[in-house]
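Worksheet for the structure shown next.
Positions are given from 1, in the same order as the sequence printed here.
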Amino acid sequence: YRHKPLFYASIFCILLKPDLILIDHGHFQYNCLMLGLILYAFYCLLTAKYYWCCIIYTVALNCKLMSVYFSLAFMAALIGLTAKKYGINQKSKIIKQCIIYGIIVITATFIIWLPWMRSLKTFSSVL
């Protein structure tokens with residue numbers, strides 16, 4: 001597995017910084033969950049699992065809105081890696097893939113918000 005050293009290095013860094021975890025859980029509330037999902041989405045991006053990257057990033061975005069800061073980076077990476085995969089001359093395939101990415105994000109968001117969409121009162125109270 002070619003990404004194993006990266007995994008072990010990140011685990012080692014996390015174990016060396018327990019104060020970061022304590023501050024995150026105590027003050028900022030669940031940043032570790034959001035950052036873990038962002039890291040997993042980035043891993044999916046590195047291993048060319050682009051659909052899973054869209055799903056995991058959408059879960060992170062709906063978990064904590066602070067992950068919106070990573071949205072431009074993920075969007076640019078997805079578009080760039082898709083253009084690299086198909087070649088810059090095949091614009092129709094690139095656009096088709098970007099539309100599929102958008103459909104995946106919208107579908108995942110809809111599934112996440114589905115429990116609160118049963119009534120307008122419930123939906124507006126969550127918003």
Verify the cluster assignment for Leu120 and Val126: are they in a single hydrophobic cluster under the rule of side-chain heavy atoms below 4.5 Å apart? no
Cluster overlap Trp113 with Val59, hydrophobic side-chain contacts below 4.5 Å: yes
Contact check, side chains of Tyr51 and Tyr101, non-hydrogen atoms, under 4.5 Å: yes
Of all the heavy-atom pairs spanning Cys53 and Ala41, show the shortest one and how long it is. SG-O, 3.4 Å
Return the CD1 to CD1 distance between Ile95 and Ile100, rounded to the nearest 0.5 Å. 12.5 Å
Is it true that a side-chain atom of Tyr57 and a backbone atom of Ser67 form a donor plus acceptor pair closer than 3.5 Å? yes
Is there a chain of hydrophobic side chains (I, L, V, M, F, W, Y, each step under 4.5 Å between heavy atoms) that links Ile111 to Leu65? no
Do you reckon Leu81 sits in the same ILVMFWY cluster as Ile99, going by side-chain contacts under 4.5 Å, direct or chained? no
How close do Leu37 and Ile56 get, counting heavy atoms only, and between which atoms? O-CG2, 3.2 Å
Rounded to the nearest 0.5 Å, how far apart are CD1 of Ile38 and CZ of Phe74? 5.0 Å
Less than 4.5 Å apart, any side-chain heavy atom of Arg118 and any of Phe123? no
Membership question, hydrophobic clusters at under 4.5 Å side-chain separation (ILVMFWY): are Leu33 and Tyr43 in the same one? yes
Leu127 side chain near Trp116 side chain, heavy-atom distance below 4.5 Å: no
So CG of Leu114 and OG1 of Thr109: to nearest 0.5 Å the spacing works out to 12.0 Å
Considering only heavy atoms from C-beta outward, does the side chain of Ser71 approach that of Leu61 to under 4.5 Å? no
One pair to check against side-chain contact (heavy atoms from CB on, under 4.5 Å): Trp52 and Thr47. What are the steps and the verdict? CA-CA 10 Å; Trp52 280 107; Thr47 56; over 6 Å; no
side-chain contact (heavy atoms from CB on, under 4.5 Å) between Gln97 and Tyr50: does it pass, once the steps are laid out? CA-CA 10 Å; Gln97 281 299 312; Tyr50 302 138; over 6 Å; no
Min side-chain heavy-atom separation Ile79-Met75 under 4.5 Å: yes
First locate atom CE of Met34, then atom CG of Leu39, and finally report the distance between them rounded to the nearest 0.5 Å. 10.0 Å
For the CG atom of Leu78 and the CD1 atom of Ile94, what is their distance to the nearest 0.5 Å? 12.5 Å
Which distance, rounded to the nearest 0.5 Å, do you find between the SG of Cys63 and the CD1 of Ile112? 9.5 Å
Quiz question: by atom type and distance under 3.5 Å, do the side chains of Thr122 and Ser119 form a donor-acceptor pair? yes
Evaluation steps, side-chain contact (heavy atoms from CB on, under 4.5 Å), between Phe42 and Phe70: CA-CA 10 Å; Phe42 185 67; Phe70 301 103; over 6 Å; no
For Leu72, look at atom CG and say whether over 12 heavy atoms of other residues, nucleotides or ligands are found less than 6.0 Å away. no
Do any N or O atoms from the side chain of Thr107 and from the backbone of Ile104 form a donor-acceptor pair under 3.5 angstrom? no
